[in-house]
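In this chain, residues are counted from 1 in sequence order. Note that this is a predicted model, so its numbers are computed, not measured.
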Amino acid sequence: MLCFLRGMAFVPFLLVTWSSAAFIISYVVAVLSGHVNPFLPYISDTGTTPPESGIFGFMINFSAFLGAATMYTRYKIVQKQNQTCYFSTPVFNLVSLVLGLVGCFGMGIVANFQSVTLRISTEINGDI
C-alpha cells in the first residue's frame with residue numbers, strides 16, 4: 001500500500017490549484033460575457049449562465065474527484081501510521097473519510113445543478 005501512496009503529495013496541491021482556477025476562470029468568462037458585475041460578484045453568480053456554467057460545472061466536478069482522492073489518501077496515511085504507533089482512533093479516521101466523501105459528493109451536486117437553470121426550466125414547464 002505504501003507504494004501507492006508514494007508520489008501522492010501532488011493531489012492536495014492540484015486540488016487547491018484546480019479549484020482556485022475553476023473560480024477564477026468562470027469569473028473571467030462571466031465578466032467578459034457581461035453576465036456579472038466585475039466588482040465582487042457572488043461565486044454562484046459567476047457560474048449560472050452558459051458558457052461559464054459549463055466550465056464551472058466541469059472544473060468543480062474534477063475538483064470533487066480530486067477531493068475524494070485526497071480524502072482517501074489521507075485515510076490510508078493515517079491507517080498506516082496507526083499500524084506503527086497510536087496516531088488516531090480508527091473510528092475517527094473512518095468518520096473523517098465518510099464525511100469528506102459526502103462533502104465531495106455534495107460538491108458534485110452543486111456543480112451539476114445550477115439554480116438559474118432549474119428555475120428557468122420550471123418556469124417553462126409551468127410548474128411555478
*Apply the side-chain contact (heavy atoms from CB on, under 4.5 Å) test between I55 and each candidate in V28, I60, I25; give the one that qualifies.*
I25
*Say whether, by atom type as modelled, one donor and one acceptor occur between the side chain of S26 and the main chain of F23 under 3.5 angstrom.*
yes
_The test is side-chain contact (heavy atoms from CB on, under 4.5 Å); show your working for V95 and V91 and say whether it passes._
CA-CA 6 Å; V95 166; V91 173; 4.3 Å; yes
_Test log, rule side chain to side chain donor-acceptor pair (under 3.5 Å), inputs N61 and N112_ = CA-CA 8 Å; N61 274 329; N112 288 310; 3.1 Å; yes
*Report whether F92 and I77 are members of the same hydrophobic cluster (ILVMFWY, side-chain heavy atoms less than 4.5 Å apart, transitive linking).*
no
*asked:* Please determine whether the number of non-hydrogen atoms from other residues, nucleotides or ligands lying under 6.0 Å from atom CZ of F65 exceeds 12.
replied: no
_Candidates T89, L94, N93 - the one meeting side-chain contact (heavy atoms from CB on, under 4.5 Å) with V78_ = N93
*Measuring from R74:CZ to L97:CG, what's the distance to the nearest 0.5 Å?*
8.5 Å
*Linking I/L/V/M/F/W/Y whenever their side-chain heavy atoms sit closer than 4.5 Å, directly or via other members, would V36 and L32 fall into one cluster?*
yes
_Candidate pair M107 and S63, rule side-chain contact (heavy atoms from CB on, under 4.5 Å), full reasoning_ = CA-CA 8 Å; M107 196 167 152; S63 292; 3.3 Å; yes
*asked:* Minimum heavy-atom separation for M71 and S96, please, with both atom names.
replied: CE-O, 3.2 Å
*asked:* Any heavy-atom pair between the side chains of H35 and P51 that's under 4.5 Å?
replied: yes
*Can you tell me how far the OH atom of Y27 sits from the CD atom of E52, to the nearest 0.5 Å?*
12.0 Å
*asked:* Using every non-hydrogen atom in the two residues, find where A68 and L101 come nearest and quote the distance to one decimal.
replied: CB-CD2, 3.7 Å
*Using side-chain contact (heavy atoms from CB on, under 4.5 Å) as the criterion, point out the one residue from L15, V16, T17 that pairs with F13.*
T17
*In terms of hydrophobic clustering (I, L, V, M, F, W, Y; side-chain heavy atoms under 4.5 Å; direct or indirect links), are F10 and W18 co-clustered?*
yes
*Measure the CZ-OG distance between F62 and S19 for me, rounded to the nearest 0.5 Å.*
10.0 Å
*If two hydrophobic side chains count as joined below 4.5 Å and joins carry through other members, does I24 share a cluster with L14?*
no
